[in-house]
Protein chains: 2
Amino acid sequence: MNSYTEENYLKSIYHLSVPTDESVSTNSIAASVNTKAASVTDMLKKLADKKLINYTKYQGVSLTEEGKAIAINIVRKHRLWEFFLVEKLHFKWDEVHELAEELEHITSVELIDRLDKFLGNPKYDPHGDPIPDSTGCIKKDELIPISTLQPGQSAIIMGVREHAPVFLQYLEKMNLTIGKQIKPIEVIAFDHSVLLSVNNNTVSISRDVAKNILVTI
Amino acid sequence: MNSYTEENYLKSIYHLSVPTDESVSTNSIAASVNTKAASVTDMLKKLADKKLINYTKYQGVSLTEEGKAIAINIVRKHRLWEFFLVEKLHFKWDEVHELAEELEHITSVELIDRLDKFLGNPKYDPHGDPIPDSTGCIKKDELIPISTLQPGQSAIIMGVREHAPVFLQYLEKMNLTIGKQIKPIEVIAFDHSVLLSVNNNTVSISRDVAKNILVTI
DNA sequence: CATAAAATTTAGGCAAGTCTAAAAATTTAA
DNA sequence: TTAAATTTTTAGACTTGCCTAAATTTTATG
């Protein structure tokens with residue numbers, strides 16, 4: 001079993017390595033888990049002993065297959081809990097991250113699989129990030145921003161690209177929330193703002209907003 | 001903030017003190033939290049410093065008002081999560097205790113209040129134990145065993161008095177689960193077994209079983 | 001390519017929570 | 001009511017995870 005702390009390190013290393021697929025520096029981990037570099041070095045030795053990371057002094061680290069599997073499982077739990085909090089307990093998109101940071105460490109596999117089923121096996125969390133399945137598979141990103149839709153092409157809101165509370169709160173207010181079906185009616189030539197039909201209403205959103213709302217066709 | 005460990009100590013002291021309402025011994029706490037007496041003494045000093053318990057060397061401990069409030073809040077969380085696990089995720093009665101031991105330490109008050117509402121503000125957990133409300137009030141026990149019902153008096157199953165897995169599994173099999181409406185048809189004079197109507201079926205349960213199923217009228 | 005700057009690791013320590021062994025207090029029982 | 005048994009506490013030590021300060025390695029720059 002890995003401690004709460006070890007899990008957070010693995011998760012951070014995972015998130016830091018995904019965008020670039022390169023080895024991760026001690027300092028970047030320190031920033032991510034909110035400690036000092038010296039503490040990170042201590043932990044890296046421990047994780048390397050457990051064969052959860054590949055670590056060579058001064059050369060940064062990468063996850064082993066086993067370490068990666070653990071990290072992905074934490075991400076799965078995090079995103080499922082976020083989905084639960086928004087869909088069932090009606091939290092706002094911008095309120096759930098902190099809560100999920102705690103819930104993601106609940107250990108039971110059975111619990112998370114049942115939660116997954118209870119939620120209807122969602123594919124994306126409320127921010128539009130893909131939820132890994134129980135085998136660790138992560139759906140390739142098939143979400144596209146509203147700005148790339150053709151007028152008349154209806155789609156369902158699955159997530160966002162921008163996580164700032166002020167943005168998420170704006171979407172709440174406009175009723176542009178997860179699961180809503182939307183259809184662009186027209187793109188205004190003047191400023192590229194988009195006229196959308198949502199719930200039989202017509203709303204207008206700026207190009208910037210349209211770029212940051214992710215949908216599936 | 002109190003650590004996970006401190007919370008467990010407070011919870012144990014609470015559970016140990018409720019039945020007798022007397023001060024709790026070091027050894028009984030040690031047994032309850034699964035450590036050695038020496039470790040308990042260390043922790044008692046710490047909790048006393050924090051004014052969460054009344055502690056005099058060699059004289060056992062009791063909770064202060066503040067300590068009790070914390071303990072009750074943990075019990076509230078434990079029982080609400082158990083209810084969630086059984087009602088929403090369809091765990092069996094005998095499977096949820098361990099899981100709730102972990103979930104009860106999730107800190108957010110907002111989360112637990114929303115969970116409470118989502119579950120319909122349940123008054124009893126799946127074992128029939130009362131769920132404290134958000135102010136710490138605990139409903140006086142109003143549940144009665146089936147064996148005390150009059151024939152024809154219908155009631156709803158709220159919990160059990162016996163928590164042995166084999167018993168809970170038997171109830172599952174007989175469909176005698178939480179929330180089910182039941183009505184005793186007849187008490188057999190020979191062995192005091194009870195004929196019950198459940199879901200338009202008639203089932204027979206022994207007197208012993210009837211004594212261990214708690215209902216509300 | 002030499003050296004300054006930055007990043008990383010080592011060394012030595014601290015707090016929380018646990019343990020064993022031994023000492024002290026309390027309870028039981030002869 | 002005193003000795004034995006039991007319970008509780010103290011003492012000293014270990015592990016995990018964190019820290020600061022100093023040493024070392026790598027990287028960047030003139």
Side-chain angles (χ1 to χ4, degrees), chain A residues 1-17 19-20 22-63 67 70-71 74 101-102 104-105 107, chain B residues 1-17 19-20 22-63 67 70-71 74 101-102 104-105 107:
Chain A
M1 199 67 282
N2 306 293
S3 72
Y4 190 106
T5 311
E6 288 169 332
E7 287 193 353
N8 277 335
Y9 273 89
L10 291 173
K11 183 183 58 162
S12 281
I13 295 168
Y14 175 75
H15 284 310
L16 290 167
S17 69
T20 64
E22 283 175 5
S23 73
V24 176
S25 74
T26 300
N27 265 352
S28 64
I29 297 170
S32 174
V33 301
N34 238 297
T35 55
K36 298 303 166 72
S39 307
V40 173
T41 301
D42 286 347
M43 181 58 86
L44 295 184
K45 284 179 190 158
K46 205 168 124 188
L47 294 174
D49 283 350
K50 288 185 158 194
K51 305 218 186 299
L52 300 177
I53 59 173
N54 305 114
Y55 172 51
T56 328
K57 268 201 224 177
Y58 297 102
Q59 301 309 133
V61 298
S62 62
L63 294 172
I70 293 168
I74 298 165
E101 289 284 304
E102 251 185 288
E104 72 190 5
H105 299 288
T107 48
Chain B
M1 199 64 281
N2 306 294
S3 73
Y4 190 106
T5 311
E6 288 168 332
E7 288 192 353
N8 277 335
Y9 273 89
L10 292 173
K11 183 183 58 162
S12 281
I13 295 168
Y14 175 75
H15 284 310
L16 291 167
S17 68
T20 64
E22 284 175 4
S23 74
V24 176
S25 75
T26 301
N27 264 353
S28 64
I29 298 169
S32 173
V33 302
N34 238 296
T35 55
K36 299 303 165 72
S39 308
V40 174
T41 302
D42 286 347
M43 181 57 87
L44 294 184
K45 285 179 192 158
K46 205 168 123 189
L47 294 175
D49 283 350
K50 287 185 159 195
K51 306 215 186 300
L52 301 177
I53 60 173
N54 304 115
Y55 172 51
T56 329
K57 269 203 221 177
Y58 296 102
Q59 301 308 136
V61 298
S62 61
L63 294 172
I70 293 169
I74 297 166
E101 288 286 303
E102 252 186 286
E104 72 190 6
H105 298 289
T107 49

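Residue numbers start from 1 in every chain, and the chains themselves are labelled A, B, ... in the order their sequence lines are given, proteins ahead of strands.
- Atom P of nucleotide D/dT7 and atom CG of B/L44 are separated by 16 Å, given to the nearest angstrom.
- With contacts defined as side-chain heavy-atom distances shorter than 4.5 Å, the pair B/L47/B/M43 qualifies.
- Using a 4.5 Å cut-off on side-chain heavy atoms (C-beta onward), A/K11 and A/E101 make contact.
- The side chain of A/T35 lies closest to D/dC19, out of C/dT9, C/dA7, D/dC19.
- Atom CE of A/M43 and atom C1' of D/dC18 are 10 Å apart (whole Å).
- Nucleic acid contact class of A/T41 (heavy atoms, under 4.0 Å, all strands): base.
- For A/Y55 and C/dT9, the shortest distance from a side-chain N or O to OP1 or OP2 is below 4.0 Å.
- Annotation: of the two residues near DNA chain D, B/V24 and A/Q59, the 5′-most nearest-nucleotide partner is B/V24.
- The listed nucleotides are C/dT9, D/dT10, C/dA25; the one nearest the side chain of A/K57 is C/dT9.
- With contacts defined as side-chain heavy-atom distances shorter than 4.5 Å, the pair B/N27/B/K36 does not qualify.
- Each of C/dC19, D/dC19, C/dT9 was ranked by its minimum atom distance to the side chain of A/S39; first place goes to D/dC19.
- The nucleotide whose nearest atom lies closest to any side-chain atom of B/D42 is, among C/dC19, D/dC19, C/dT9, C/dC19.
- Each of C/dT18, D/dT10, D/dT25 was ranked by its minimum atom distance to the side chain of A/Y58; first place goes to D/dT25.
- Put simply, A/K45 has a side-chain N or O that comes within less than 4.0 Å of OP1 or OP2 on C/dT10.
- Counting heavy atoms from C-beta outward, B/E102 and A/H105 have side chains that stay 4.5 Å or more apart.
- Between B/N27 and the phosphate of D/dT8, there is a side-chain N or O to OP1/OP2 separation shorter than 4.0 Å.
- The CG-P distance, from B/D49 to C/dA16, rounds to 11 Å in whole Å.
- Here A/T26 reaches the OP1 or OP2 of C/dT9: one of its side-chain N or O atoms lies under 4.0 Å away.
- For D/dT20, the OP1/OP2 oxygens have a side-chain nitrogen or oxygen of A/K36 closer than 4.0 Å.
- Within the 4.5 Å cutoff, the side chain of B/L63 has no heavy atoms near those of the B/V24 side chain.
- Contact annotation: B/Y9 side-chain N/O to C/dA16 OP1/OP2 distance is not under 4.0 Å.
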